[in-house]
Amino acid sequence: MLRKLGRLFVIKTRFEAYLIIFALALGATARGSQYLVEYPGWGGKLLFLATTGAVFLAGAKILDCLKYERAERERAEAGPTGSNSDDTTNRAQTEA
């Protein structure tokens, strides 16, 4: 039962990721607006920029993790391959 409940909090698709990033952006701009009122001038503008910048970083990390998890899933589904082909793949990735 706890496993089923835990699956509700796992981001599975890019659409879910975009929804979460959108919600983070809404919260960040609301908090940034409060900073502009509370700290007029450059201080408030810098804090506003920091809150929105954090959303960009978090969004990029979420999307990168989804891409990494998809690649790992596809690699696991492909099954084990010969060590020679893995060695060639690793060399091609490091040279690129």
Measure the CG-OG1 distance between Leu24 and Thr29 for me, rounded to the nearest 0.5 Å.
-> 10.5 Å
Could you grab the distance from atom CG of Leu57 to atom OG1 of Thr52, nearest 0.5 Å is fine?
-> 10.0 Å
Shortest non-hydrogen contact between Leu66 and Ala17, atoms and distance = CD1-CB, 3.5 Å
From OH (Tyr18) to CG (Leu63), nearest 0.5 Å = 5.0 Å
For the residue pair Lys12 and Glu16, what are the closest heavy atoms and their distance?
-> N-OE1, 2.7 Å
Measure the OH-CG distance between Tyr35 and Leu49 for me, rounded to the nearest 0.5 Å.
-> 13.0 Å
Is the number of heavy atoms from other residues, nucleotides or ligands under 6.0 Å of Lys4 NZ greater than 12?
-> no
Kindly compute the distance separating CD1 (Ile62) from CD1 (Ile21), expressed to the nearest 0.5 Å.
-> 5.0 Å
Indicate the atoms forming the closest heavy-atom contact of Ala28 with Thr51, along with that distance.
-> O-OG1, 3.4 Å
Can you tell me how far the CZ atom of Arg3 sits from the CG atom of Leu5, to the nearest 0.5 Å?
-> 12.0 Å
What's the shortest heavy-atom distance between Lys45 and Leu36, and which atoms?
-> N-CD2, 3.7 Å
